[in-house]
Amino acid sequence: MPKNSKVTQREQSHEHVTESVADLLAHEEPLDYKSSSLNVGPAAGKKVPQIEVPENDGRPAWNSKLQYILAQVGFSVGLGNVWRFPYLCQKNGGGAYLVPYFILLLIIGVPLFFLELAVGQKIRRGSIGVWNYVCPHLGGIGMSSLMVCGFVGLYYNVIIGWSIFYFFQSFQYPLPWSDCPIRKNGTLAIIEPECDKSSATTYFWYRQTLNTTSTIAESGGLNVKMTLSLLVAWIIVCLAVIKGIASSGKVMYFSSLFPYLVLFCFLVRGLMLKGSVDGIAHMFTPKLEKMLEPQVWREAATQVFFALGLGFGGVIAFSSYNKIDNNCHFDAVLVSFINFVTSILATLVVFAVLGFKANIMNEKNAEKILGYVNSNVLSHDLIPPHVNFSHLTTSDYAEMYGVIKTVKEDSFSRLGLDPCLLEDELNKAVQGTGLAFIAFTEAMTHFPASPFWSVMFFFMLINLGLGSMIGTMTGITTPVLDAYKVQKELFTVCCCIVAFLCGLLFVQRSGNYFVTMFDDYSAGLPLTVVVILENVSVAWIYGTKRFMQDLEDMLGFRPSMIYFYLWKYVSPLCLIVLISATVIEMAISPPGYNAWVQELAQERFQSYPPWALAMCFALIVVAMLPLPIVFIARHFNLMSDGSNKLSVSYRKTMMKDISNLEEQDEARFILGAKPGDPAVPARRPYVTPAGNKALDPNSLSPNICYGTSYQNAAISPTTPTTPPTPVTPESDS
């Protein structure tokens with residue numbers, strides 16, 4: 001072919017290509033690389049797009065946002081809000097206690113709750129899977145969390161069993177704990193001595209319900225009534241969680257909302273009772289000097305810590321069933337606020353009812369004094385002139401009691417008068433089971449229609465406990481079901497059967513003492529260690545900058561910079577102080593329990609025997625044992641780090657984004673551009689608040705702790721398929 005012919009053909013071909021390119025340019029929509037989910041830097045004036053999550057990734061999802069919020073509220077709001085918070089409020093200065101509690105809720109509670117929600121939602125796995133991804137060497141965090149969930153679930157369901165027993169006992173009038181039983185001895189009828197020395201409600205709790213022994217060493221055999229109640233409790237829990245969130249989500253609609261209905265009913269009814277206002281006024285009378293005591297801040301931090309369910313794995317498990325673009329920051333603030341308000345509401349109810357109970361005791365003692373005056377045992381001159389027995393106030397009785405005690409000092413003890421101070425009544429109420437099953441129960445016997453209120457109260461306790469148990473069981477089942485292909489229903493049933501058999505330890509006649517042991521030692525220190533390692537692994541190993549960038553990518557906005565400082569400095573420091581204070585408290589406090597002595601009809605503190613002491617420390621060691629074991633095993637490559645086990649949704653999203661970017665690069669190549677052309681807007685590097693260190697996405701390595709980073713922005717079409725050489729990550733500081 002002639003040379004000039006070839007030139008002509010090449011020119012025609014070039015004109016045709018130019019024409020094709022012109023056509024392409026005419027019909028092409030502008031490519032916006034900033035809209036890619038791989039780019040986490042927001043365009044000026046534009047909202048960062050949210051990551052699209054595959055709808056068919058196979059993972060269950062919540063039916064609605066309301067269902068999810070109710071599940072988180074049901075898990076975090078538990079029995080501790082009703083019987084622990086009011087006690088701490090009374091013990092630590094009344095209204096003054098709310099100040100350190102609220103401050104610590106803001107600087108510890110909300111940030112760490114937000115952190116757990118975020119990692120669960122992003123990685124979409126249970127606690128074991130999440131911490132394997134963030135830092136494989138600290139993968140034992142999830143396993144320790146699962147162990148603690150197991151220990152807590154064993155004894156927590158026993159408390160639900162006790163509530164079930166009282167619930168069914170409430171369907172009778174008069175209530176069985178309203179009066180002491182009568183013992184017949186031939187023709188004589190005498191009050192049961194143990195009940196006469198204590199009270200009807202105390203006797204019913206220790207003797208007729210628990211039938212407790214005098215020491216932890218004396219088993220006494222199984223308590224049949226409590227065994228059946230525990231069986232019913234585990235059947236209810238099993239039915240609630242057997243289908244995962246498909247069944248537990250529906251249960252939460254009732255179990256999370258019903259307690260609020262009961263609390264509001266109790267508050268309204270309580271405010272109508274005489275003396276209730278005195279109780280509430282006592283609550284809101286602050287003792288500001290208490291705020292200066294370190295013990296108050298330690299107990300406030302501990303309560304914040306456990307009130308939100310941090311470290312149990314339930315928060316992460318529930319969040320893992322969310323859409324990846326869900327606003328988990330809003331959820332964290334909302335649930336924390338609801339939890340705080342619930343604690344205050346429960347405290348109002350408790351103080352109102354106990355104020356009424358103190359007023360009842362005042363009236364009984366006032367009747368005694370009036371009888372002594374009428375029989376000339378006491379002189380009319382001892383009664384202050386302004387005292388009106390028809391409308392006797394707490395302060396009036398206290399003044400009258402003080403005068404009589406001073407004048408009749410020698411014979412005062414024979415009068416049988418009680419001080420009946422509101423503070424003393426609240427102190428006697430103690431906390432936990434002492435408040436729910438003795439003090440509050442006794443107050444309800446004086447209510448009109450007392451069986452109705454008793455049924456409502458214990459049904460509320462059942463639902464509060466059930467919400468927490470669902471979260472606890474989800475914290476156990478979700479990580480296992482994520483890691484192993486086992487049938488959900490079969491695994492759940494097996495867990496409940498094993499837990500019931502292990503729970504027989506707590507339904508012996510001495511079982512109440514083991515409940516106290518597990519409550520004191522199985523969760524406190526191990527959970528605090530778990531949460532501080534969660535905080536450190538995200539803020540210092542994975543990197544606060546990277547985590548903040550992930551949140552911006554996931555939520556569509558950048559959370560406040562205050563979280564940067566809270567996660568990196570404030571929260572870890574507070575947790576270290578809390579751990580130190582907990583260890584010191586355990587060292588200086590003699591390990592023991594309050595045993596019910598039948599002969600004296602009262603509680604006496606007893607030290608644990610050596611075998612029980614060993615059991616206490618075994619609970620702590622076993623719960624934290626996975627942490628060093630997993631670290632050592634992975635350090636010496638004895639265990640897979642699980643870094644290639646990305647969740648289905650995350651893997652699909654990542655590959656889809658890569659595919660989209662490859663198609664866009666190919667189009668640019670046809671139009672004369674090169675892959676990775678500089679014309680593509682570069683991702684703005686995320687910098688620290690100090691502002692001078694950019695993040696290098698290529699520093700991520702599968703062989704270091706955050707090698708399984710969920711940084712979509714770090715992946716590009718030009719990234720080599722071979723793993724990069726591990727490098728030392730930049731410091732966040």
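Model, not experiment: these values are computed from the prediction.
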For this session: Go through the steps for Cys495 and Met473 under the test side chain to side chain contact (heavy atoms under 4.5 Å, CB included), then give the verdict.
Result: CA-CA 9 Å; Cys495 282; Met473 287 298 295; 4.1 Å; yes

Exercise. After noting the C-alpha distance and the side-chain angles of Met548 and Met561, does the key distance pass the side chain to side chain contact (heavy atoms under 4.5 Å, CB included) rule?
Worked result: CA-CA 9 Å; Met548 291 287 284; Met561 274 299 133; 3.8 Å; yes

Exercise. Can you list the steps and then say if Met143 with Leu146 is a side chain to side chain contact (heavy atoms under 4.5 Å, CB included)?
Worked result: CA-CA 5 Å; Met143 298 180 189; Leu146 189 146; 5.6 Å; no

Problem set entry | Steps toward side chain to side chain contact (heavy atoms under 4.5 Å, CB included) verdict (Arg558, Leu551) | CA-CA 7 Å; Arg558 184 182 304 171; Leu551 290 173; over 6 Å; no

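The aromatic rings of Tyr563 and His329 lie perpendicular to each other, with more than 60° between the two planes, well past the 30° mark. Using bins of under 30°, 30° to 60° and over 60° for the plane-to-plane angle, the ring pair Tyr101/Tyr97 lands in the tilted bin. The aromatic rings of Tyr521 and Phe617 lie tilted to each other, with the angle between the two planes from 30° to 60°.
Exactly one residue among Leu310, Val335, Val315 makes a side-chain contact (heavy atoms from CB on, under 4.5 Å) with Ser76. That residue is Val335. Exactly one residue among Phe114, Tyr542, Trp540 makes a ring pair (Phe, Tyr, Trp, His ring centres under 6.0 Å) with Trp567. That residue is Phe114.
Summarising the local packing, CD1 of Ile562 is surrounded by 12 or fewer heavy atoms from other residues, nucleotides or ligands at distances under 6.0 Å.
Neither side chain, Gln72 nor Asp331, offers a donor N or O lying under 3.5 Å from an acceptor on the other. Residues Lys568 and Asn535 have side chains that never bring a donor and an acceptor to within less than 3.5 angstrom of each other. In this structure, a donor-acceptor pair under 3.5 Å is absent between the side chains of Glu299 and Gln303. Under 3.5 Å, the side chains of Asn81 and Ser343 contain a donor-acceptor pair of N or O atoms.
Contact record, Cys149 with Ile476: CB-CG1, 3.6 Å, taken as the closest heavy-atom pair. Shortest non-hydrogen contact noted between His137 and His635 is NE2-CA, 3.7 Å. Of all the heavy atoms in Ser522 and Val152, the pair that sits closest is OG-CG2, 4.5 Å. Across every non-hydrogen atom of Ile160 and Leu466, the tightest pair is CD1-N, 3.8 Å. Residue Ser144 comes nearest to Val530 through the heavy atom pair CB-CG2, 3.8 Å, listed as atom of the first residue, atom of the second, then distance. Smallest separation of non-hydrogen atoms from Phe75 and Gly309: CE2-O, 3.8 Å.
Pairs passing the side chain to side chain donor-acceptor pair (under 3.5 Å) check and including a residue from residues 471-482, sequence neighbours excluded, read Arg59-Asp482, Tyr321-Thr478.
Checked by atom type and distance alone, the side chain of Ser145 never pairs as donor or acceptor with a backbone atom of Ile141 at under 3.5 Å. Ser127 places no side-chain N or O within donor-acceptor distance of the main-chain N or O of Gly313, the cut-off being under 3.5 Å. Here the side chain of Arg84 pairs no donor or acceptor atom with the backbone of Ala307 at under 3.5 angstrom. Remark: side-chain polar atoms of Ser319 are paired, donor with acceptor, to backbone N or O of Leu117 under 3.5 angstrom. The backbone N or O of Phe330 sits less than 3.5 Å from a side-chain atom of Asn327, completing a donor-acceptor pair.
You'll find the side chain of Lys65 reaches within 4.5 Å of the side chain of Ile69, heavy atoms only. Put simply, the side chain of Leu627 does not reach to within 4.5 Å of the side chain of Phe631, judged on heavy atoms. Contact check for Cys616 versus Met517: side-chain heavy atoms found under the 4.5 Å cut-off. The closest side-chain heavy-atom distance from Met554 to Cys328 is below 4.5 Å. Residues Phe85 and Val350 are not in side-chain contact: their nearest non-hydrogen atoms beyond the backbone lie 4.5 Å or more apart. Contact annotation: the side chain of Tyr260 approaches that of Val77 to within less than 4.5 Å [non-hydrogen atoms, C-beta and beyond]. Two residues are said to be in side-chain contact when any heavy atoms from C-beta on lie closer than 4.5 Å; Glu585 and Gln295 meet this criterion. Within the 4.5 Å cutoff, the side chain of Val82 has no heavy atoms near those of the Thr347 side chain.
Residues meeting the ring pair (Phe, Tyr, Trp, His ring centres under 6.0 Å) test with Trp62, sequence neighbours left out: Tyr68, Phe318.
To the nearest 0.5 Å, atom CG of residue Leu66 and atom CG of residue Leu70 are 4.5 Å apart. To the nearest 0.5 angstrom, Ile108 atom CD1 is 6.5 Å from Ser571 atom OG. Taken from CG in Leu79 to CD1 in Ile159, the straight-line distance is 6.0 Å, to the nearest 0.5 Å. Note that CG of Leu619 is 5.5 Å distant from CZ of Phe151, once rounded to the nearest 0.5 Å. Residue Ser560 holds its OG atom at 10.0 Å from OH of Tyr565, rounded to the nearest 0.5 Å. The distance from atom SG of Cys574 to atom CZ of Phe305, rounded to the nearest 0.5 Å, is 12.5 Å.
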